Student: 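Pasting in a structure now, in structure tokens, and then I'll have a few things to ask.
Note that the numbering runs from 1 along the sequence shown for the chain. Being a predicted model, the structure only gives us computed values, none of them experimental.
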Amino acid sequence: MVRAGGGLDAHGTPQRFVFFHVSNLRLAEAFKIKTKTIRPSLTMAQWTHMSQMLPHLTNETINNLYPPTAFPIEVRHFLAQWIEGQRWDDFALENVEQKNQAQALLDQTISMLQSIAQQTTNVVDKMKLMQFSKNMAQPLQFGVMVRDILNQERGLLDTSAQPQFQPFPNIESSFPNMQDLDCLVLKVLEVQNIRQKMHQMQEELNWERQNYESLQGAIQPNGLDPTLSESQKLQNHIQQLEYNVQAMAKKRFQLLKECVDCLDQCQTRLIGSLKAWRWGQHKATIGLPFDDNLNTLQTWCEQLLGVNGKLRQELVLLGEPMPELQERLGKLLQVLIQSSLLVDKQPPQVIKTQSKFSTTVRYLLGEKVAPGKPVLLKAQIINEIQARNLGGVPSDNVGELINNTAILEHNTSSKSTCATFRNMSIKKIKRADRKGSESVTEEKFALLFSTEITITGCDTPYRIQMISLPVVVIVHGSQDNNALATIIWDCAFSEPDRVPFLVPERVPWRMMYSTLNSKFTSEVMTEHNLDQYNQHFLAQKIFDKPDFSDDFSNILVSWAQFNKEVLPGRPFTFWQWFEGVMELTKKHLKEYWSEGLIFGFIGKQHLHLILKDRPNGTFLLRFSDSEIGGITIAYVSASENGGQKIQNIQPFTKRDLEIRCLGDRIRDISHITYLYPDFPKHDVFKKYFTEPQPSPVGGYIPVTLLTKVGTIVCMISR
């Protein structure tokens, strides 16, 4: 789910709040079956790209692109495929003859929105869609508006190649093209065919030379022998054969060089895609999508190994030394063999000593390993300095691993060759001298996997090795949260091909927010993104600027602000607080969040602006900013002087929600009646209510609200 949310004006006043449910795509899909005007062959490519870009756009851009009162983002989302399948480019306000065409499109839009609203089970969406369908513009204005929106989207998508929209390199772009591989294979076949033809031609040449010598011995001294003309013809034929052999030899050599060049190019792209696969695996830690399938890469590795072997064989059969090509093929072979070892299943990136963990290493050329002696992989733990100097086996032992060897085994069903370390454990660790205020949870290590391997068809064994992603070693569970912060920062902000394990000390807020959003949605397992309200409040909190209403995007946030310095007036860091909210949502609030029922991250200042003009009993759900892992209810109530005031109920924690779920707690509190802006709570939260528990007075459990130092405490009477 994506939630396209409210921007803030120059005074910090919220401009809008829109719920946007990606999960309801299935409703649009179901609806298109009933609507003949929707073209099944079209795709939602433009909207798919736009929805990925939305979290990176500024508040002003989103507000201008999808005017909330004229063409809300929900309309663009639910009708994406249909919208992109119609002709909008021809509409112009001065073309009054297009009014009927525009009216037809407007009528279809309204009809589809009303139908989707009837089918959705989400009360919030139902009410919003019905409201939107009644507030559409005039026909021609509507057509021109949609035309302009689509054109603006295309303009924004033209900028999507900029780095901020590319969280990690695109693996597909670096894959060897199948046509390139096919071309290479055909060139090798051509070399082999030329060699075979040359061999046949050479045999014919040898035979003709022998015939020529025999004829020369039979010629009479007077020169009148009839074999003379025959001999001349034979001599001409021999000369033609010699010329053909030389021409083919020249072509053969040229083709061999072209094959080696082509192999070099294909392998360079393959190595690039292997690096991109590892990079994607690294970024998956913060929730970015990652396809871990290695089968295609394995096939290409095997194909390139086969081509290399055939070319080396052709050089041997050439009959004359070609040291330059032989050396190039030898280096390519070594690089391919050494690059085909990957950590398929990474170890945990936070490892507690004396605890078991597992990891799997895969060798992509496993089917080509020479039979006989088993291949034994060994794992050892290395520190940052050792990771920067991997010329050989690290001599200094910085930690002791238990169960750190595994045999490389081939699985015929999956066609994979892996070594699985099932019960590895770090017995002890030797830490480096720390600098300044550096904590043990900021020190990064890695596991180094190494072995010696022999490939069929190769005379000498090769030493191969690969390191894991960075890991942080802890000795107590209380260190887990801070260690995870180190890993998150490393995965989010490290550069490709960096010096291990360097990361920037400061990054732009837009990168930090993108990371928080990715991590939150992946951990909670929801498609409901953090919105612009959430982003702004999180920025205000980490920078300690509660009154700042401008764009934070390019302001630099430091590692210290993320997880070294405690928040003002709090005993915890920003990450500790954010991670607590994430855990609470993951375990107890996933459905509420995914349905858009939780406002989430919002400060009390903005909260008052939102609720100040709402009727008594209007409430919203927000994450507590005063304690870790709490959700509170803010609501409008009558003040003592007959006015209004905003009350906050004491936050519900994990323990509270384990005793009684959020839905039941909302039902129990009679003071709250409408979820902001005006949705009856019994309509919105009904499906979360459990059966009422019996109480001494019958009916619902009585609830008393007590005021305690400016906070409302929810007491359940027994």
Side-chain angles (χ1 to χ4, degrees), residues 168-185 188 262-284 289-312 329 331-347 358-372 374-377 379 406-421 447 449-458 461-469:
F168 56 88
N170 187 345
I171 295 178
E172 295 296 334
S173 64
S174 57
F175 271 164
N177 190 300
M178 286 304 295
Q179 292 180 345
D180 293 340
L181 287 173
D182 291 342
C183 181
L184 175 58
V185 171
V188 174
C262 188
L263 175 63
D264 198 342
Q265 293 171 5
C266 286
Q267 185 166 310
T268 298
R269 295 180 65 185
L270 173 65
I271 300 303
S273 67
L274 290 171
K275 290 181 179 179
W277 186 91
R278 294 198 299 269
W279 178 253
Q281 187 187 49
H282 193 186
K283 292 299 181 181
F290 171 61
D291 182 3
D292 62 355
N293 192 314
L294 283 166
N295 293 339
T296 301
L297 289 171
Q298 176 171 307
T299 299
W300 279 326
C301 283
E302 292 170 346
Q303 287 180 333
L304 293 181
L305 178 67
V307 168
N308 191 299
K310 290 177 181 178
L311 290 177
R312 285 184 288 116
L329 285 174
K331 288 182 178 178
L332 287 172
L333 177 65
Q334 180 179 358
V335 170
L336 181 62
I337 290 174
Q338 294 178 337
S339 301
S340 298
L341 187 67
L342 296 170
V343 183
D344 189 13
K345 305 297 180 186
Q346 291 284 341
S358 64
T359 181
T360 301
V361 179
R362 180 168 172 176
Y363 192 55
L364 301 183
L365 293 175
E367 290 190 347
K368 310 301 179 181
V369 174
V375 178
L376 185 70
L377 264 86
I407 295 176
L408 203 60
E409 297 177 310
H410 183 69
N411 187 316
T412 53
S413 60
S414 64
K415 295 184 179 180
S416 61
T417 303
C418 300
T420 301
F421 300 79
L447 296 183
F449 302 94
S450 60
T451 190
E452 196 171 78
I453 202 161
T454 302
I455 298 296
T456 301
C458 300
Y462 291 87
R463 176 170 179 77
I464 59 175
Q465 60 184 22
M466 178 54 63
I467 66 171
S468 71
L469 295 177

Student: Please report the shortest heavy-atom distance between Q281 and D344, naming the atom on each side.
Tutor: NE2-O, 3.2 Å
Student: Spell out, as yes or no, whether a donor-acceptor pair under 3.5 Å connects the side chain of N308 to the backbone of L329.
Tutor: yes
Student: Does Y363 reach the main-chain N or O of I337 with its side chain, forming a donor-acceptor pair under 3.5 Å?
Tutor: yes
Student: Roughly how far, to the nearest 0.5 Å, is CD of Q338 from CG of L365?
Tutor: 11.5 Å
Student: As an exercise, state the distance from CD of E302 to CD of Q298, rounded to the nearest 0.5 Å.
Tutor: 4.5 Å
Student: Any idea which heavy atoms bring T454 and C458 closest together, and the distance?
Tutor: CG2-O, 4.0 Å
Student: Main chain of I464, side chain of S450: is a donor-acceptor contact present, judged purely on distance under 3.5 Å?
Tutor: no
Student: Does the pair L408 and I453 meet the rule for a side chain to side chain contact (heavy atoms under 4.5 Å, CB included), with working shown?
Tutor: CA-CA 10 Å; L408 203 60; I453 202 161; 4.1 Å; yes
Student: From L342 CG over to W277 CH2, what is the distance, rounded to the nearest 0.5 angstrom?
Tutor: 5.5 Å
Student: Do V188 and L263 make a side-chain contact, defined as non-hydrogen atoms from C-beta onward lying under 4.5 Å apart?
Tutor: no
Student: As an exercise, state the distance from CZ of R278 to CD of Q346, rounded to the nearest 0.5 Å.
Tutor: 10.0 Å
Student: To check you understand the geometry: which heavy-atom pair defines the closest contact between S339 and V335, and what is its length?
Tutor: OG-O, 2.7 Å
Student: If you take all heavy atoms of F421 and A379, which pair is closest and at what distance?
Tutor: CE2-CB, 4.1 Å
Student: Walk me through whether N295 and K415 qualify under side chain to side chain contact (heavy atoms under 4.5 Å, CB included).
Tutor: CA-CA 8 Å; N295 293 339; K415 295 184 179 180; over 6 Å; no
Student: Check whether more than 12 heavy atoms from other residues, nucleotides or ligands sit under 6.0 Å from atom CD1 of I407, and answer yes or no.
Tutor: no
Student: Nearest 0.5 Å, please: how far is CG in L332 from CG in L304?
Tutor: 9.5 Å
Student: Using the side chain to side chain contact (heavy atoms under 4.5 Å, CB included) rule, take W300 and L364 through it: C-alpha gap first, then chi angles, then the decisive distance, then the call.
Tutor: CA-CA 9 Å; W300 279 326; L364 301 183; over 6 Å; no
Student: What are the two closest heavy atoms between A370 and T456, and how far apart are they?
Tutor: CA-OG1, 3.4 Å
Student: Quick check: does any side chain N or O of T360 sit under 3.5 Å from a backbone N or O of T420, one acting as donor and the other as acceptor?
Tutor: no
Student: Taking it one step at a time, do K345 and D292 satisfy side chain to side chain contact (heavy atoms under 4.5 Å, CB included)?
Tutor: CA-CA 9 Å; K345 305 297 180 186; D292 62 355; 3.3 Å; yes
Student: Keeping the roles fixed (side chain from Q334, backbone from Y462), state whether a donor-acceptor pair exists under 3.5 Å.
Tutor: no
Student: About how many Å separate CD of Q465 and CG of L377, when rounded to the nearest 0.5 Å?
Tutor: 11.0 Å
Student: Which heavy atom of F449 sits nearest to which heavy atom of S468, and what is that distance?
Tutor: CE1-CB, 4.3 Å
